[in-house]
Participant: 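Encoded as structure tokens, here's the structure I'll be asking about.
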Amino acid sequence: MVVVMRAGSTQDDVDRVVDAVTGVGGECFVSRGRHQTIVGLVGDLTQFAELPLHAFPGVEDVIRVSRPFKLVSNDAQPRPSTVTVGDAAISRDTVTLIAGPCAVETPEQTRRACELARDAGATILRGGAFKPRTSPYAFQGLGESGLEILREVSRDLGLPFVTEVVTPADVETVARSADMLQVGTRNMQNFQLLKEVGLAGRPVLLKRGMTATIEEWVMAAEYIAHTGNLQVVLCERGVRTFEPMTRNTLDVSAVPVAQSLTHLPIVIDPSHSGGKRDLVLPLIRAAIGVGADGVIVDVHPEPERALVDGPQALTAEDMAELRSTVTTFARAAGRRVATPATRGPVDRAGWGAAAD
Ligand code: PEP
Ligand code: MN
């Protein structure tokens, strides 16, 4: 941390800063320029967090220079991490396709959507049993019976699945069925939920809050990591902007920015960002081009009858094109498309306390 003193600040002002910092166990290096004095602080940042240095007389600014996240930082682990989901993996060498229905509506619709996902090369299925809806009158998901449907389809197709958990009270139930837990955009800063999913012994897909900065998102991942579970995948799903032509604005820069900060894999959700079927494939090209480690896509056998997010769901026809798009763009980006064979050995060392 650096404390910048105001031009004209006195020696007493500087001494007050130095005394406060050394008083909590830190060290100070004072650099006196012709016009301005700068005090460099060395020590554990948490020591200084309680000091109201901004309010000290003569202080112009307090600038943090080190990162506030530790466990997910690539300072702590420079090698990109691999997250294992059942028999699949999400890693920096490959492009992983995660696909399935937005919501589990019926056994047939879920099975059909997941078959389309599998045929397009998905190694992980998706589907919501507990849906976080803006309106209390909208379909809220089938809950536990939805989980049962997902479990059956996943078992029959031999592919793991990710599903959302919306409240800490449901974490144990959802973790019993799911191979990966999803924390949705509306819950990114539900800190109690982050702690509970961290302890559930399952990998976590953490969506970016729709108004969250990249740092806030990475800090949310740090909450999960803090429980001992480093099996976290970041998911950029679009942020709120002034633009009404798309459901959200896909922040493609989030991929290289997040990769420059953390070792966690990052995937893109082109369905919830674009919000329109016709945008999904172009956004997938952008995602792979910018270096995403995977994409997560909504599929529906009959989108016109979907109870949730029909306009953004890919159809059977789109899925064939999806497969060739992912293959071509992954190759162009120097990556392989993930298959169960690209997983490599499972390392459970970074899992939470309840890992099996
Ligand atoms: C979803 O993936 O089904 C979902 C609700 O996504 P988000 O949290 O990004 O809106
Ligand atoms: Mn949705």
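Both counts, for ligands and for their atoms, begin at 1 and track the order of listing.
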Participant: Under the salt bridge (charged side-chain N to carboxylate O under 4.0 Å, His left out) test against Arg126, which residue among Asp298, Asp179, Asp309 passes?
Facilitator: Asp298
Participant: Tell me yes or no: between the side chains of Asp13 and Thr10, is some donor less than 3.5 Å from an acceptor?
Facilitator: yes
Participant: Tell me whether ligand 1 is touched by Met210 - counting only heavy atoms on the residue side and a distance under 4.0 Å.
Facilitator: no
Participant: To check your reading of the site, what angle at the Mn ion (ligand 2) do NE2 of His272 and SG of Cys102 form, to 10°?
Facilitator: 130°
Participant: Would you kindly say whether Ser253 and Asp251 are connected by a side-chain donor-acceptor distance under 3.5 Å?
Facilitator: yes
Participant: Purely on distance, is any nitrogen or oxygen of Arg237 under 3.5 Å from one on ligand 1?
Facilitator: yes
Participant: Can you tell me which residue and heavy atom of the protein come closest to atom 4 (C) of ligand 1, and the distance to 0.1 Å?
Facilitator: His272 NE2, 3.5 Å
Participant: Between Arg6 and Asp61, does any side-chain N to carboxylate O distance fall below 4.0 Å?
Facilitator: no
Participant: Within a distance under 4.0 Å of any heavy atom of Arg126, pick out the atoms of ligand 1 and give their elements.
Facilitator: 1 (C), 2 (O), 3 (O)
Participant: Decide side-chain contact (heavy atoms from CB on, under 4.5 Å) for Phe130 and Val165; before the verdict, give the C-alpha distance in whole Å, the side-chain angles of both, and the deciding distance to 0.1 Å.
Facilitator: CA-CA 6 Å; Phe130 294 90; Val165 55; over 6 Å; no
Participant: Where is the nearest protein heavy atom to atom 8 (O) of ligand 1: which residue, which atom, and how far?
Facilitator: Thr185 N, 2.8 Å
Participant: Which atoms from ligand 1 have a heavy atom of Arg186 less than 4.0 Å away?
Facilitator: 8 (O), 10 (O)
Participant: Would you kindly say whether Arg208 and Asn248 are connected by a side-chain donor-acceptor distance under 3.5 Å?
Facilitator: no
Participant: Tell me whether ligand 1 is touched by Gln182 - counting only heavy atoms on the residue side and a distance under 4.0 Å.
Facilitator: yes
Participant: With heavy-atom distances below 4.0 Å as the criterion, list the atoms of ligand 1 near Gly184.
Facilitator: 8 (O)
Participant: Scan Arg277, Lys276, Arg247 and name whichever one has a side chain to side chain donor-acceptor pair (under 3.5 Å) with Gln312.
Facilitator: Arg247
Participant: Do NZ/NE/NH1/NH2 and the carboxylate oxygens of Arg64 and Glu215 come within less than 4.0 Å?
Facilitator: yes
Participant: Please report which non-hydrogen protein atom sits nearest to atom 5 (C) of ligand 1, along with the residue it belongs to and the distance in Å to one decimal place.
Facilitator: Glu164 OE1, 3.7 Å
Participant: At less than 4.0 angstrom from any non-hydrogen atom of Lys207, what atoms of ligand 1 do you find?
Facilitator: 1 (C), 2 (O), 4 (C), 6 (O), 7 (P), 8 (O), 9 (O)
Participant: Looking at ligand 1, does any of its N/O atoms fall within less than 3.5 Å of an N/O of Asp269?
Facilitator: no
Participant: Between Val197 and Val183, does a side-chain contact (heavy atoms from CB on, under 4.5 Å) hold up when you go through it step by step?
Facilitator: CA-CA 8 Å; Val197 295; Val183 175; 4.0 Å; yes
Participant: Name of the Asp309 N, O or S atom nearest the Mn ion (ligand 2)?
Facilitator: OD2
Participant: Heavy-atom pairs closer than 4.0 Å: do any link ligand 1 to the side chain of Lys131, the backbone, both, or neither?
Facilitator: side chain
